[in-house]
Engineer: 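After the structure tokens below, expect a handful of questions from me.
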Amino acid sequence: MKTAVFAVLRVIALTIILFGCFAVAGGLVGLPGNPQASEQAAASFLPLLAVCFLETIVLTYLILRSRWTGWRLVAAVFFVFYGVATVMGQMESAVFLTRLPAGMVPRLLLMGAMIAAPFSVLAVLILGKRKAGTVDTQAHSRLVMPASEWAWKLVVIALAYVVLYFTFGYYIAWRNPAVLEYYGGIDEGSFLAHMPTVLRDTPWLIPFQIVRAMFWVALALPVIRMLKGERPETVLAIGFLFAVLMNAQLLLPNPYMPEPVRMAHLVETASSNFIFGVLVGWLLTKRPAFSKVALVERAS
């Protein structure tokens, strides 16, 4: 009971710290304002608190279940937090959100780094993972695979991401009238009619998403390498990591994307990212080969 209480208190403390990181970073970066800035700030208080809580829960779990400690863990948390929550989302913003003010995407990238850096350090300290002596040094071979196995798995991952991206994008987002109006698009009537239009108007989009799929793989690798536990735990952790960290911030109101559009994208990307994260985790988390001694210990 005492341990559970301390864990809850640490999560609350880290949620407040992350909230402060958002507030300070936003002020320092100086994002372009709007006439309703004060009203928007008031309306964003509870959603931002919810975002901070959700992101803290996911990152706390990764830290507590990590084999790594100290600065190695800090670097891994920063890489994953910044990469998933900021870089992956802003790659899409730079391409599709043409209504953003000039210089907005670089400012958002800087803001994300200013949030992730201090939070990663403080989270590792507060959760008691700063001492190098607590690291699990057991041999870990989850990512040890022949080059041929890596090759076919990366091909499957790339194809799966493209399929998930376009199917969820069409059936959940593109068929929403608010999304169509926002992007100035039309619904061709079916997925099979929609894809030729995509290939004709944006032939670069599929290669772009394949590149993003490889970015996702890079973000999953340190998580697979550092997490304790069996394969299913790692698989689910990556699924929730991809789903929550990238998409939680869609809960925040902003003057550039109406709420119906944000909510459509939230459902679309959270669900597809979770499925994709589970797939990546399952393919790349190789089942460990136990020695006879280990099997005897597990049986006893």
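FYI, the numbering just counts along the sequence from 1.
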Engineer: Locate the shortest heavy-atom distance separating Phe242 from Asn273; write the atom from each residue and the value.
Structural biologist: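 Scanning both residues completely, I find the closest heavy atoms to be O-ND2, 3.2 Å.
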Engineer: Return yes when atom CH2 of Trp71 has more than 12 non-hydrogen atoms of other residues, nucleotides or ligands closer than 6.0 Å, and no otherwise.
Structural biologist: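 Open.
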Engineer: To the closest 0.5 Å, what do you measure between CZ (Arg67) and CG (Leu227)?
Structural biologist: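 Here the rounded value is 8.5 Å.
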Engineer: Examine distances only and state if a side-chain atom of Lys153 and a backbone atom of Ser148 form a donor-acceptor pair shorter than 3.5 Å.
Structural biologist: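 Looks like no, no N/O pair under 3.5 Å.
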Engineer: How about Phe240 and Phe274: are their ring centroids closer than 6.0 Å?
Structural biologist: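 Under 6.0 Å, so yes.
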Engineer: Might you point out which heavy atoms bring Met114 and Leu28 nearest each other, and give the distance in Å?
Structural biologist: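 Smallest interatomic distance, heavy atoms only, reads CE-CD1, 3.4 Å.
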Engineer: State, to 0.1 Å, how close Val235 and Gly281 come at their nearest heavy-atom pair, and which atoms those are.
Structural biologist: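 So the minimum-distance heavy-atom pair works out to CG2-C, 3.6 Å.
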Engineer: Out of curiosity, Glu230 CD to Glu233 CD, how far, rounded to the nearest 0.5 Å?
Structural biologist: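 Interatomic distance, Glu230 CD to Glu233 CD, rounded to 0.5 Å: 8.5 Å.
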Engineer: Roughly how far, to the nearest 0.5 Å, is the CG atom of Leu284 from the CZ atom of Arg142?
Structural biologist: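 Answer for the CZ-CG pair, Arg142 versus Leu284, is 11.5 Å.
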Engineer: Would you say Glu181 has more than 12 foreign heavy atoms packed within less than 6.0 Å of its CD?
Structural biologist: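 No, because the 6.0 Å sphere around CD of Glu181 holds 12 heavy atoms or fewer from other groups.
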Engineer: Transitively linked via ILVMFWY side-chain contacts under 4.5 Å: Val278 with Leu159?
Structural biologist: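 No: no chain of side-chain contacts under 4.5 Å links Val278 to Leu159.
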Engineer: Check the hydrophobic clustering (I, L, V, M, F, W, Y; side-chain heavy atoms under 4.5 Å; chains of links allowed) and say if Leu143 and Ile157 are grouped together.
Structural biologist: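 Yes: a chain of side-chain contacts under 4.5 Å links Leu143 to Ile157.
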Engineer: How many angstroms lie between OG in Ser120 and CG in Leu73, if you round to the nearest 0.5 Å?
Structural biologist: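 Going from OG on Ser120 over to CG on Leu73, the span is 9.0 Å.
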Engineer: Spell out, as yes or no, whether a donor-acceptor pair under 3.5 Å connects the side chain of Thr60 to the backbone of Ile57.
Structural biologist: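 Not a single qualifying donor-acceptor pair exists.
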Engineer: Quick one: pull up NZ in Lys228 and CG in Leu64 and give me the separation to the nearest 0.5 Å.
Structural biologist: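 Nearest 0.5 Å value for the NZ-CG distance: 9.0 Å.
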Engineer: Measure up the Trp204 and Phe208 rings against each other and bin them: parallel (under 30°), tilted (30 to 60°), perpendicular (over 60°).
Structural biologist: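 The rings of Trp204 and Phe208 stand perpendicular, inter-plane angle above 60°.
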Engineer: Would you name the heavy atoms of Met263 and Leu250 that are closest together and state the gap between them?
Structural biologist: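 The answer is CE-O, 3.5 Å.
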Engineer: Got more than 12 heavy atoms from elsewhere within 6.0 Å of CZ, Phe215?
Structural biologist: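 Not buried by this count: 12 neighbours or fewer within 6.0 Å.
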Engineer: What pairs of residues pass the ring-ring contact (aromatic ring centres under 6.0 Å, His included) test when at least one of them lies in residues 100-130, not counting sequence neighbours?
Structural biologist: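 Those involving residues 100-130 are Phe81-Phe119.
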Engineer: What pairs of donor and acceptor atoms, side-chain ones from residues 170-179 against any protein atom, are under 3.5 angstrom apart with sequence neighbours left out?
Structural biologist:
residue	atom	partner	partner atom	Å
Tyr170	OH	Asp187	OD1	2.8
Tyr170	OH	Ser190	N	3.0
Trp174	NE1	Ile186	O	3.0
Asn176	OD1	Ala178	N	2.8

Engineer: Group every Ile, Leu, Val, Met, Phe, Trp and Tyr by side-chain heavy-atom contacts under 4.5 Å, then state whether Val11 and Ile63 land in the same group.
Structural biologist: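 They do not share one cluster, since no chain of ILVMFWY contacts under 4.5 Å joins Val11 to Ile63.
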Engineer: Check whether Ile12 and Leu18 end up in the same hydrophobic cluster, where Ile, Leu, Val, Met, Phe, Trp and Tyr are linked by side-chain heavy atoms less than 4.5 Å apart.
Structural biologist: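 No.
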Engineer: Nearest heavy-atom pair of Leu219 and Met88: which atoms, and what distance?
Structural biologist: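 Nearest pair, atom of Leu219 first, then Met88: CD1-CG, 3.7 Å.
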Engineer: Using 30° and 60° as the class boundaries, would you call the ring planes of Tyr183 and His265 parallel, tilted or perpendicular?
Structural biologist: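 Rings of Tyr183 and His265: perpendicular, over 60°.
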Engineer: Trp216 and side-chain contact (heavy atoms from CB on, under 4.5 Å): which single residue from Ile238, Val84, Val280 fits?
Structural biologist: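 Among Ile238, Val84, Val280, the one meeting side-chain contact (heavy atoms from CB on, under 4.5 Å) with Trp216 is Val84.
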Engineer: Rounded to the nearest 0.5 Å, what's the gap from OG1 on Thr86 to CE on Met91? Could you check?
Structural biologist: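 The CE atom of Met91 is 13.0 Å from OG1 of Thr86, to the nearest 0.5 Å.
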Engineer: Using 4.0 Å as the upper bound for N to carboxylate O, is an ion pair formed by Glu92 and Arg212?
Structural biologist: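 Yes.
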Engineer: Could you pull out the closest heavy-atom pair between Pro222 and Val80, with the gap in Å?
Structural biologist: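 Looks like CG-CG2, 4.1 Å.
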